Q: 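Have a look at the structure that comes next, please.
Note that these values count all heavy atoms, side chains included, but never hydrogens, waters or copies made by symmetry. Computed from a predicted structure; not experimentally measured.
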Amino acid sequence: MRTAALGPEQRAGALARMAEAELDVLVVGGGIVGAGTALDAVTRGLSTGIVEARDWASGTSSRSSKLIHGGLRYLEMLDFALVREALKERGLLLERLAPHLVKPVPFLYPLQHRAWERLYAGTGVAMYDVMSVSSGHGRGLPTHRHLSRRHALRVAPALRKDALVGALQYYDAQVDDARFVATLVRTAAEYGAHAANRARVVGFLREGERVVGARIEDLEQGGEFEVRARQVVNATGVWTDDTQGLIAERGQFHVRASKGIHLVVPKDRINSSTGLILRTEKSVLFVIPWGRHWIVGTTDTGWDLDKAHPAASSADIDYLLDHVNAVLAVPLTRDDVEGVYAGLRPLLAGESEATSKLSREHTVAHPVPGLVVIAGGKYTTYRVMAKDAVDEAVHGLDHRVADCVTEEVRLAGAEGYHALWNGRARLAQRAGLHVARVEHLLGRYGSMTEEVLDLVAGDPKLGEPLPAADDYLKAEIVYACTHEGARHLDDVLTRRTRISIETFDRGARSARECAELMAPVLGWDADQIDREVEHYEKRVEAERESQLQPDDQTADAARLGAPDIAPV
């Protein structure tokens, strides 16, 4: 099957086709749930469009803990149904749908009490493994094991000896969340969905009480146009209430935002061969392996300020450092922090004032004819959320529609991935690259790696690594624009790659070179290159300033000092 590209020409074509003929389903929101909904709808044979006001995954879906997991802590809340559902989805992603993007990751849970805690926690982790296997898709991960303190310290020498009396080790999975969303959108496009980012819904079309489409503003080329659709799906996450406000109708539920921040530190700062999961007074804290880095997170606090650019304060950073340092023999300092990112969880309001106790279940509603709203949930269960949203939308169509098939639909790059992985040495020799470089590409693109290597074959200079971010090839910057829908420098440094959080300079030293690589594809002149670089540098400066502020209000004000990028 051919691989769809999301380059500038394809975006323009998608907008034109959406404006020409009525769609069955128009999805508003380009995060994980919106992208999953578009794939679900189009693979049922429905004419489908998806629009996103900013970049794919630019909100919550690029700022998560990057885990695909069942939610071990939800077992303690006795939410067995949610855990069972998430474990099934984890298995599907690992084994069938996206093995190139979703990978196993081990975690060590230090025990601080003898006997009773090992029995209590061990029972929970054993249930986790049993529920995973019973889902029919959990045999690909090792089962948990009990470790003595001596064994645990061999696995994780970074831990203080007095921080544990023993440990449990279990497995979950992780993903590059933003890359997964972009791949999901491309997969939907392969099956015929029309996809356009930086296309903002500014109003809904109404015929009486019924919603019959949306007015779209093209934030790149300018102008507004109408897209008519038999059903519109609002999948805008923490913006759900704002989007509902465009039809002046009260929603059947409300979504509250909970802020979570993460720190990124170099791999050599924590001597461990496994991730860590630690209890805190509010929830849990993860230390997650991430290539040549560790991700430490997360916090869980209410947020009612700017949704587009949630800011991490100095207090947030201190909270994470204090809690992780409680178990580390060599404490982390501010100087060890390469990157910081903050995201907002969309939680269904009304169950509790404490955001950590708000529901992670999802809800689907049909507030007015022609409009479906989907909100809540977890990244891991996006496919189930998408199925439920499309099932609801189907009720408003006047013809029979096929059942959901996404349990069988592999994401772009999955087909042929294992064969290419097995032949990675030959692939590396043919491309003139080190085998470790090809492994890196296969873990990001799967079988689409050959498309990246085609760029290198056409211009050998693109096979060189970026000097200030040498995990990435120059070809990956170009490919982000030709195939993955990147429209601006920020899209590439923050989401198509993770240079913005994986380097101490936050990507500033790579900004100009990347902009110059992007320019020929996107038609930028020298002035636009300068604007892109200046915008990115101001964003980095504003984020650094916000992370010195004592609280959310001052951090938010500092972060808003950098305006959004102006269109070409």
Q: Can you measure from CG (Leu462) to CG (Leu453) and round to the nearest 0.5 angstrom?
A: 11.0 Å
Q: Any chance you could lay out the salt bridge (Lys or Arg N to Asp or Glu O under 4.0 Å) test for Asp318 and Arg334, step after step, and finish with the verdict?
A: CA-CA 9 Å; Asp318 286 342; Arg334 289 280 186 122; 3.0 Å; yes
Q: What's the separation between atom CG in Leu164 and atom NE2 in His113, rounded to the nearest 0.5 Å?
A: 12.0 Å
Q: With a 4.0 Å cut-off, would you call Asp55 and Arg495 a salt bridge?
A: yes
Q: What distance separates Leu219 CG from Glu52 CD, expressed to the nearest 0.5 Å?
A: 10.0 Å
Q: Does either side chain, that of Tyr171 or that of Asp129, offer a donor lying less than 3.5 Å from an acceptor on the other one?
A: no
Q: Can you tell me if Asp316 and Thr299 form a side-chain donor-acceptor pair at under 3.5 Å?
A: no
Q: Does a sphere of radius 6.0 Å around CD in Glu541 hold more than 12 heavy atoms from other residues, nucleotides or ligands, not counting ones at 6.0 Å or beyond?
A: no
Q: Given 3.5 Å as the limit, does a donor-acceptor pair link the side chain of Asp306 with the main chain of Leu560, or not?
A: no
Q: Is a salt bridge present between Asp470 and Arg292, judged by a nitrogen-to-oxygen distance below 4.0 Å?
A: yes
Q: Heavy-atom distance under 4.5 Å between the side chains of Glu476 and Leu473, does that happen here?
A: yes
Q: Using a strict 4.0 Å threshold on nitrogen-to-oxygen distance, state whether Asp242 and Lys307 make a salt bridge.
A: yes
Q: In Å, rounded to the nearest 0.5 Å, how long is the span from CD1 of Ile288 to CG of Asp172?
A: 10.0 Å
Q: Check whether any side-chain N or O of His535 sits under 3.5 Å from a backbone N or O of Arg531 as a donor-acceptor pair, and report yes or no.
A: no
Q: Using a 4.5 Å cut-off on heavy atoms from C-beta on, say whether the side chain of Val337 contacts that of Val264.
A: no
Q: For Lys538, does the NZ atom sit with more than 12 other heavy atoms under 6.0 Å from it, leaving out its own atoms?
A: no
Q: Working to the nearest 0.5 Å, report the span between OG1 of Thr381 and CD1 of Ile68.
A: 9.5 Å
Q: Does Ala326 offer a backbone N or O that forms a donor-acceptor pair with the side chain of Arg160 under 3.5 Å?
A: yes
Q: Could you give me the CA-CA distance, side-chain angles and deciding distance for Tyr109 and Tyr170, then say whether ring-ring contact (aromatic ring centres under 6.0 Å, His included) is met?
A: CA-CA 8 Å; Tyr109 175 63; Tyr170 74 98; 8.2 Å; no
Q: Would you mind reporting whether Pro110 and Leu278 have side-chain heavy atoms less than 4.5 Å apart?
A: yes
Q: Side chains of Gln547 and Arg544: is there a donor and an acceptor less than 3.5 Å apart?
A: no
Q: Does Ala57 offer a backbone N or O that forms a donor-acceptor pair with the side chain of Ser62 under 3.5 Å?
A: yes
Q: Could you tell me whether the side chain of Ile270 reaches within less than 4.5 Å of the side chain of Leu332, counting heavy atoms only?
A: yes
Q: Could you tell me whether the side chain of Asp552 and the main chain of Leu305 form a donor-acceptor pair under 3.5 Å?
A: no
Q: State whether a side-chain donor-acceptor pair under 3.5 Å links His144 with Gln169.
A: no
Q: We want to know whether Ser65 and His262 form a side-chain donor-acceptor pair, criterion being a heavy-atom distance below 3.5 angstrom.
A: yes
Q: CG of Leu347 to NE2 of His254: how many Å apart, nearest 0.5 Å?
A: 14.5 Å
Q: So, do Thr298 and Arg345 sit near enough that their side-chain heavy atoms are less than 4.5 Å apart?
A: yes
Q: Assess the side chains of Arg90 and Thr380: does a donor N or O sit below 3.5 Å from an acceptor N or O?
A: no
Q: Please check if any side-chain donor atom of Ser258 sits under 3.5 Å from a side-chain acceptor atom of Asp300, or the reverse.
A: yes
Q: Please tell me whether Glu484 and Trp56 have a donor and an acceptor in their side chains that are separated by less than 3.5 angstrom.
A: no
Q: Look at Arg498 together with Asp471 and state whether they make a salt bridge at an N to O cut-off of under 4.0 Å.
A: no
Q: Examine Lys66 relative to Tyr341 and say whether NZ or CZ is less than 6.0 Å from the centre of the six-membered ring and inside a 45° cone about the ring axis.
A: yes
Q: Does a side-chain heavy-atom distance below 4.5 Å link Ile501 with Arg506?
A: no
Q: Less than 3.5 Å apart, which donor and acceptor atoms pair up between the side chains of residues 507-517 and the rest of the protein, not counting sequence neighbours?
A:
from	atom 1	to	atom 2	distance (Å)
Arg512	NH1	Asp530	OD1	3.1
Arg512	NH2	Asp530	OD1	3.2
Glu513	OE2	Lys474	NZ	3.3

Q: Sort and list the pairs that fulfil ring-ring contact (aromatic ring centres under 6.0 Å, His included) and have at least one residue in residues 461-483, not counting sequence neighbours.
A: His440-Tyr472, Tyr445-Tyr479, Tyr479-His483
Q: Quick one: does Leu320's side chain get under 4.5 Å of Ile261's, heavy atoms only?
A: yes
Q: I would like to know whether Glu543 and Arg559 meet salt bridge (Lys or Arg N to Asp or Glu O under 4.0 Å); could you show each step before the answer?
A: CA-CA 5 Å; Glu543 286 185 346; Arg559 175 61 185 87; 3.7 Å; yes
Q: Walk me through it: do Tyr382 and Phe180 pass the test ring-ring contact (aromatic ring centres under 6.0 Å, His included)?
A: CA-CA 11 Å; Tyr382 81 89; Phe180 188 94; 5.6 Å; yes
Q: Grab the two heavy atoms, one from Pro99 and one from Lys103, that are nearest each other, plus how far apart they are.
A: O-NZ, 2.8 Å
Q: Within the structure provided, determine whether Lys461 and Glu464 are in side-chain contact (heavy-atom separation under 4.5 Å).
A: yes
